[in-house]
Protein chains: 2
Amino acid sequence: MPIKEAVRPGGRSARVQEAVHQAVRELQAVTPRDELTVPRIAERAGVTPSTIYRRWGNLSELVADVSLERMRPDDDPVDTGTLAGDLQAWGEQYLEEMTSVPGQRALNDVMASADGGRRERCYRYGESLMGTLRERALVRGEGAPSVARLIDGIIAPMTYRLLYDPEAATTDNLQRWIAGTLTNEE
Amino acid sequence: MPIKEAVRPGGRSARVQEAVHQAVRELQAVTPRDELTVPRIAERAGVTPSTIYRRWGNLSELVADVSLERMRPDDDPVDTGTLAGDLQAWGEQYLEEMTSVPGQRALNDVMASADGGRRERCYRYGESLMGTLRERALVRGEGAPSVARLIDGIIAPMTYRLLYDPEAATTDNLQRWIAGTLTNEE
DNA sequence: GCTCATAAAGCAAATATTTTGCGTTTGTAT
DNA sequence: ATACAAACGCAAAATATTTGCTTTATGAGC
C-alpha cells in the first residue's frame, strides 16, 4: 500500500498522475459532487480504476491530493514596505481565494483526508510564510512578534473562520487580527 | 433524501438511531478504521443496511453524527471566580479531551463530513460558551472582551493547533492565548 | 379505543464499487 | 545490453450501494 507521491518523477508514473489529477479537475468543474467517482475519473484519465485505488487508496485521498496542489502558494508575497501591509496584502488574496466556492471545496477536501501529513503541509506553508514576512520586517528595522504569535493571532482566526464561520472571514476582520497581533507587546 | 435528525422522537426511529449509534461506538472501539463499514454496522445494530443508507447517506455522515455527540459539552463550565480562571479550566479539559486518540478521531470525523451544519453547531457551542463566561465576568464586575475577540483569541488558536499542529495544543499555550486576549485593550 | 394516513424499516434484486491475482510494460541501475 | 523492480492493465471475485416494493409501527382524528 504505497500512497506516496512523485515516485519516479518524469516517467510513466508522473504521466499517469498528471492525467488523473487533470481528470479530477475537469470532472469537478462539470459534475455534482456525488457523481465524482473513481471509475469515472479513471475512464476520463484513460487509466484503469485499480491503478487509482492502488496509488491513492480511495477517492477522498485523491481529491485531497488535487486540492492541496490548488492551495499551494504559487508566487511569493508582495513587499508593501511594512509588516502590517504585507500581512494584509497576503491575507486579502488568501481570503478571497478560500471563500470562493472552489476554494471552500478545496479546504474541505483536504480536511476530509485521513492522511494527516497533508494538514501538516498546510501548516508548514503558513509557518514559513510568517517566517519570511517576519524576517523582512526585522531587516527593515521594524519590530515583529514571533512566528508562533503570528500564527496564533492571524492564521488561526483566519483558518478558524474559513472553516467554521465563513461569513466572518472578511478583510475587515483580517485587519483587526493583524492590528491586535502587532500592537501586543513583544 | 432525508438525512435529518430526531424525527418522531421516542418511536421506532429513535430506537434504530440509538442502536446504530451504539453499534458504531462499539465497532470503533475494537476495529481498525477501514473495517468500519456500513454493512457491518448494520449487522451489529440488527438493522438492514438500506436503512442506514437512506437515513444517513453514507458512512462519513454517520460517523460524523456519532462523533458530534461525543463532542457535545455535557456539564456546564465550572466557576473559578475569574474569567481567566474559567477559561483556563474549561480549556484544559477540552484540550485534554481533544488531544486524546478518540478525541482527535472525533474531530476529524466531523471535519470529514460534507454537511456544513455540523461544523456550524461546533461553532455555536463555542460561541455560547464564551457568551456564558463573559456574562459571568461582567456580573462580577470584571471587564471582558467581546465574544468575537474571545473566539478569535482563544478558541481559534486552540482549534487551529488541534487540527494542524496537535503538539502545540498544550495548556501552556492556552495560558498564553488567554493572557494575550484578556490584556489587550477592550 | 379504533381506523387511517404516513413515515420509516425490511427484503431482495439490480448496480456500482473496490479488491485482488497475475501477466506485461516501463523506467533505472548495473 | 541486461536484469530488476515498480507501476500499470486486465478481468474475475468480493463488497458495498441503490432501488422498487412490501410490511410495520406511530401518531392524528374520530
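A note on names: the letters A, B, ... follow the listed sequences, proteins ahead of strands, and every chain is numbered from 1. Quick note: numbers below take in every heavy atom, side chains included, and nothing from hydrogens, waters or symmetry partners.
- Here the P atom of nucleotide C:dT17 and the CD atom of A:Glu43 are 11 Å apart, to the nearest Å.
- In this entry the distance linking CZ of A:Arg15 with C1' of D:dA6 reads 14 Å, nearest Å.
- At C:dG10, one or more side-chain N or O atoms of B:Thr51 fall inside 4.0 Å of OP1 or OP2 (strictly under the cut-off).
- At a cut-off of 3.5 angstrom, the base of C:dG10 holds no donor-acceptor pair with the side chain of B:Arg55.
- Between A:Arg140 and A:Asp86 there is a salt bridge, since a side-chain N of the basic residue sits under 4.0 Å from a carboxylate O of the acidic one.
- As a whole-Å value, the separation of B:Ile52 CD1 from C:dA8 P is 16 Å.
- As a whole-Å value, the separation of A:Glu35 CD from C:dT15 C1' is 15 Å.
- Summary of the strand contacts: B:Val16 and A:Asn58 both lie near DNA chain C, and taking for each the nucleotide with the nearest heavy atom, the more 5' one is attributed to B:Val16.
- A:Leu83 and A:Gly143 make their closest contact through CD2-O, 4.3 Å (heavy atoms, listed as atom of the first residue, atom of the second, distance).
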Step by step, would you call A:Gln22 with A:Glu26 a side chain to side chain contact (heavy atoms under 4.5 Å, CB included)?
CA-CA 6 Å; A:Gln22 179 66 21; A:Glu26 289 173 7; 2.8 Å; yes

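- Scanning atom types as modelled, one donor and one acceptor separated by under 3.5 angstrom connect the side chain of A:Arg54 and the base of D:dG9.
- Judged by distance alone, with hydrogens and angles left aside, A:Ser50 brings a side-chain donor or acceptor within reach of the base of D:dC10, the pair sitting under 3.5 Å.
- If you measure from atom OH of A:Tyr53 to atom P of C:dG21, you get 17 Å, rounded to the nearest angstrom.
- Here the nucleotide nearest the side chain of A:Ser13, chosen from D:dT26, D:dC8, C:dT17, is D:dC8.
- The base of C:dA9 has none of its N or O atoms less than 3.5 Å from a complementary donor or acceptor on the side chain of B:Arg12.
- A salt bridge is absent between B:Glu97 and B:Arg72: the closest approach of a Lys/Arg side-chain nitrogen to an acidic carboxylate oxygen does not fall below 4.0 angstrom.
- Regarding A:Trp56, its CH2 atom lies at a distance of 11 Å from the P atom of D:dA7, rounded to whole Å.
- B:Leu59 places its CG atom 17 Å from the P atom of C:dT17, with the value rounded to the nearest Å.
- Surrounding CD of A:Glu167 are at most 12 heavy atoms belonging to other residues, nucleotides or ligands under 6.0 Å away.
- Put simply, CD on B:Gln17 is 14 Å from C1' on C:dA9, counting in whole angstrom units.
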